[in-house]
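Input: a single structure, listed below in structure tokens.
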Amino acid sequence: MKKFVCRFPQPATSTPIYCGSDILHQCLPADLYGKYSSVLAVVDETVYRLHRLLLSSTLSGVRVYRFPSGERYKTHRQLFALLEWLMSNQADRRSLLIAIGGGVVTDITGLAASCYMRGIDTILIPTTLLGQIDAAIGGKTAINYKGIKNIIGSFHPPRLVVCDQHFLETLPRRSIKDGLVEAVKLFAAYDAESFARYSARIAGLIKGEGLETLVADAVRLKVEIVNRDPWEQGLRRVLNFGHTTGHAYETLTCSSHGRAIALGMLVALRLSRLHLDLSAADHDKIGEAILSIYRRYNTNRVTPQTLWQKIKHDKKCVGREISYILVDKPGSYREKPITYQQFKRAWYDTREWYSR
Ligand code: GLY
């Protein structure tokens, strides 16, 4: 089992994050709940069905809210349903709220916990690859609103995060691919060594081979980034590589998060080639790693204009500038303002490149 610690200042909080196989019971000792007035859990309904046995002791004596699976439930309606459920169960300031599920469940539960009575404790048990390497790490919470991803949210560091590999064994391939895209994003923009190591193993990772080491490496790097820039004033923005175009594409086409971010990274790579010193060889190396996860994209469903309109509403847009995270070589990123004309050219070039 590996342990990492995510630290937040003001108020000083540290979150232990445990990664390993079959570690849930070890990480949630029986006396943990004793210091809380009540314990409640929000559990993804598919996870609840598939892992009832594994969760039986974690959920023993705990009130459970079964949360519907899917991004379309990351809404203000579901947030208020959760808050009402906390009220009707007389949760108080000393209650603990546990989230068990993918990024949707950990994000929305974290947000409910951060506003309920101005903040109650949470424990996150991410059950998807994407949740384990990204969404549940770093204290962000959110819901989507009016077609904008994660536009309402907060920072609410959890008390504990447990990334148990056991949950990954039942994941469908498409869900593994969604998580792999986030791993490639992190490695390509931040850590050349991990990029070289893992980009050579993508076919095996898609089949579920070696995920435990991947999760530990990705969590280690993300914790390093968050500890250096918890409030996303600079360095943490590296994690937005591929997300500017990706979020807009995801919302407009209802594509999976992974496929949308993969396309967003391809566009960012093209922009990096056009406006930074990214070499053709490095462009193709990172691009091929992305295409080995998702090869096809339905780009006929959107135009550069509709995407740009959406991008302008993204929370990463400040004033009139659209700031893009680009890469100048594997493991090294730069932030650059991009105009519509530059985006449009990169969009069409990208389509041509991956369809060749
Ligand atoms: N998912 C991006 C971040 O945590 O900053």
Side-chain angles (χ1 to χ4, degrees), residues 4-9 13-15 17 19 71 74 99 101-111 113-114 122 124 126-144 148-158 161 163 175 177-191 194 214-251 256-265 268 311 314-318 323-327 333 335:
F4 305 95
V5 180
C6 213
R7 294 197 175 79
F8 275 84
T13 322
S14 57
T15 305
I17 301 165
C19 303
E71 181 75 24
K74 202 172 159 183
V104 172
V105 169
T106 54
D107 273 9
I108 195 169
T109 306
L111 183 55
S114 85
T122 53
L124 306 184
T127 58
T128 60
L129 187 60
L130 196 150
Q132 295 194 356
I133 64 177
D134 190 45
I137 313 300
K140 282 186 179 176
T141 80
I143 53 166
N144 307 329
I148 312 290
K149 294 254 317 164
N150 299 334
I151 191 75
I152 298 174
S154 64
F155 286 98
H156 187 63
V161 180
C163 300
S175 177
K177 285 179 165 195
D178 277 350
L180 276 181
V181 169
E182 291 289 350
V184 168
K185 166 206 81 175
L186 174 66
F187 301 150
Y190 184 71
D191 191 68
S194 300
L214 175 88
V215 169
D217 277 335
V219 170
R220 173 177 55 79
L221 292 170
K222 180 151 181 194
V223 165
E224 184 180 298
I225 293 168
V226 173
N227 286 352
R228 286 168 62 191
D229 178 22
W231 314 123
E232 200 175 302
Q233 298 301 301
L235 174 67
R236 189 168 177 168
R237 292 206 278 265
V238 66
L239 299 169
N240 294 333
F241 178 46
H243 282 59
T244 312
T245 309
H247 272 172
Y249 179 81
E250 180 180 354
T251 311
S256 81
H257 183 70
R259 194 184 294 275
I261 300 310
L263 181 61
M265 282 197 280
I311 288 169
D314 192 279
K315 65 189 180 314
K316 293 182 281 298
C317 171
V318 178
S323 187
Y324 264 79
I325 300 297
L326 306 182
V327 288
Y333 81 98
E335 204 167 347

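Any value given below was found using the heavy atoms of this structure, including those in side chains, with hydrogens, waters and symmetry copies removed. Order of appearance sets the numbers: ligands from 1, and atoms from 1 within every ligand.
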Subset of ligand 1 atoms that lie under 4.0 Å from at least one heavy atom of Glu232: 5 (O)
Distance-only side-chain donor-acceptor flag, Glu71 / Asn144, under 3.5 Å: yes
Per-atom contacts of ligand 1 with Asp134, taking only distances under 4.0 Å to non-hydrogen atoms: 1 (N), 2 (C)
For atom 4 (O) of ligand 1, the protein heavy atom that lies nearest, with its residue and separation: Lys222 NZ, 2.6 Å
Residue pair Lys222, Asp134: steps toward the side-chain contact (heavy atoms from CB on, under 4.5 Å) verdict: CA-CA 7 Å; Lys222 180 151 181 194; Asp134 190 45; 2.9 Å; yes
Side chains of His243 and Glu182, donor plus acceptor under 3.5 Å: yes
Polar contact flag for Asn240 and ligand 1 (N/O pairs, less than 3.5 Å): no
Residue pair Arg237, Asp229: steps toward the side-chain contact (heavy atoms from CB on, under 4.5 Å) verdict: CA-CA 9 Å; Arg237 292 206 278 265; Asp229 178 22; 5.5 Å; no
